[in-house]
J.: 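This is the structure, below, for whatever I ask next.
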Amino acid sequence: MVASIKQNKQKNKGLFITIEGIEGVGKSTAIGFLQAYLQEKGKSFLVTREPGGTEIAEAIRKLLLAHYNETMTQEAELLLMFASRAQHIAQVIKPALKDNKLILCDRFTDASFAYQGAGRGMPEAFIAALEKWVQGDLKPNLTILLDAPAKLGAQRAKHRGVSADRIELEQIQFFERARGCYLVRAKAEPDRFQVIDATQSLVQVKTKLTEIIDSLLQ
Ligand SMILES: Nc1ncnc2c1ncn2[C@@H]1O[C@H](COP(=O)(O)OP(=O)(O)O)[C@@H](O)[C@H]1O
Ligand SMILES: [Mg+2]
């Protein structure tokens with residue numbers, strides 16, 4: 001796996017790493033850890049997130065997260081996700097790759113397939129068409145998928161202070177569909193994905209993250 005990522009890296013410049021997984025599995029924790037680890041190693045990198053990462057994209061994020069007196073249509077949600085992504089790619093991702101930087105991104109297009117696709121039931125073909133249109137050939141070099149049951153993620157997120165009513169039964173089912181989609185995608189692209197069992201202790205997860213990054217940077 002890592003050998004093929006290294007080959008990709010020689011073709012592209014820089015290294016585009018995305019962290020994926022459902023709510024509460026430990027993405028932010030993993031990014032915080034990797035950030036400290038890369039700093040310690042003296043490696044230059046950039047941390048970003050989706051939706052967001054630029055002024056306009058963060059404004060779209062606010063739009064997506066706000067509450068309204070009307071329901072946002074699935075189509076509007078998906079298009080806003082990709083509008084934010086287009087801006088993020090042009091302003092942040094592509095320039096950073098050109099500068100040969102390592103990018104750590106909290107969620108990317110796999111999340112659109114998992115959430116808007118499997119979660120909300122939008123046809124996969126629509127999302128794939130948007131992916132092709134907005135990204136062209138751009139794909140992450142490496143995607144770290146943190147995998148755990150939705151219930152465990154919800155428990156962890158609750159500890160973090162997310163209000164309990166945000167995570168109801170319906171949401172557990174929604175997150176389980178998203179989780180299943182992530183796992184199917186990881187299986188289909190084993191050269192791009194590294195799946196970490198996020199039910200493990202934080203120490204074990206960090207050890208695995210260190211192994212992945214070390215073998216990539218060697
Ligand atoms: N492997 C782990 N074991 C136990 N707790 C964890 C683990 N990973 C993360 N946590 C805790 O779970 C909560 C959610 O983690 P977070 O990184 O915010 O998840 P995400 O960004 O994926 O939603 C945090 O309180 C975090 O400290
Ligand atoms: Mg997070």
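Both ligands and their constituent atoms are indexed starting at 1 by order of listing.
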J.: Give me the nearest non-hydrogen protein atom to atom 10 (N) of ligand 1 as residue plus atom name, then the distance to 0.1 Å.
T.: Arg156 CD, 3.9 Å
J.: Would you mind checking which non-hydrogen protein atom is closest to atom 1 (N) of ligand 1, with the distance to 0.1 Å?
T.: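 Answer for atom 1 (N) of ligand 1: Gln200 O, 3.0 Å.
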J.: Could you find the nearest protein heavy atom to atom 8 (N) of ligand 1 and give me its residue, atom name and distance?
T.: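 Of the protein heavy atoms, Leu202 CD1, 3.4 Å lies nearest.
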J.: Assess whether a salt bridge exists between Arg120 and Glu77, defined as any Lys/Arg side-chain N lying under 4.0 Å from an Asp/Glu carboxylate O.
T.: yes
J.: Any chain of hydrophobic side-chain contacts (each under 4.5 Å) joining Tyr68 to Leu80?
T.: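 Same cluster: Tyr68 reaches Leu80 through Ile, Leu, Val, Met, Phe, Trp or Tyr contacts under 4.5 Å.
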J.: Is a donor from one side chain sitting under 3.5 angstrom from an acceptor on the other, for Thr143 and Arg185?
T.: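 Per modelled atom types, Thr143 and Arg185 side chains form no pair under 3.5 Å.
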J.: What atoms of ligand 1 come within less than 4.0 Å of a heavy atom belonging to Ser201?
T.: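 In order of numbering, the contacting atoms are 1 (N).
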J.: Of the protein's non-hydrogen atoms, which lies at the shortest distance from atom 18 (O) of ligand 1, and what is that distance?
T.: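 Looking only at protein heavy atoms, the one closest to atom 18 (O) of ligand 1 is Arg160 NH1, 2.7 Å.
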J.: Checking side chain to side chain donor-acceptor pair (under 3.5 Å) between Glu50 and each of Arg107, Arg61, Arg85, which is the one that passes?
T.: Arg85
J.: Taking 4.0 angstrom as the limit and counting only heavy atoms of Lys27, give me the atoms of ligand 1 inside it, by number and element.
T.: 17 (O), 19 (O), 20 (P), 21 (O), 22 (O), 23 (O)
J.: How far is atom 26 (C) of ligand 1 from its nearest protein heavy atom, and which residue and atom name does that atom have?
T.: Thr29 OG1, 3.6 Å
J.: Can you tell me how far CG of Leu216 sits from CG of Leu15, rounded to the nearest 0.5 angstrom?
T.: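 Rounded to the nearest 0.5 Å, the CG-CG separation comes to 5.0 Å.
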J.: May I ask you to decide whether Lys132 forms a salt bridge with Asp137, counting only side-chain N to carboxylate O separations under 4.0 Å?
T.: yes
J.: Looking at Phe82, Phe16, Tyr182, which one forms a ring pair (Phe, Tyr, Trp, His ring centres under 6.0 Å) with Phe108?
T.: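 The residue from Phe82, Phe16, Tyr182 that satisfies ring pair (Phe, Tyr, Trp, His ring centres under 6.0 Å) with Phe108 turns out to be Phe16.
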J.: Should one rank Ala157, Gly26, Ala154 by closest heavy-atom distance to atom 19 (O) of ligand 1, which comes out on top?
T.: Gly26
J.: Select one of side chain, backbone, both or neither to describe which atoms of Ala30 lie under 4.0 Å from any atom of ligand 1, heavy atoms only.
T.: neither
J.: Is the distance from the Mg ion (ligand 2) to some N, O or S atom of Thr29 under 2.8 Å?
T.: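 Not a single backbone or side-chain N, O or S atom of Thr29 is under 2.8 Å from the Mg ion (ligand 2).
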J.: Under 3.5 Å between any N/O of Glu23 and any N/O of ligand 1: does that happen in this structure?
T.: no
J.: Looking only at protein heavy atoms, identify the closest one to atom 14 (C) of ligand 1 and say how far it is in Å.
T.: Gly24 O, 3.8 Å
J.: Decide if the gap between the ring center of Phe174 and the ring center of Tyr115 is smaller than 6.0 angstrom.
T.: yes
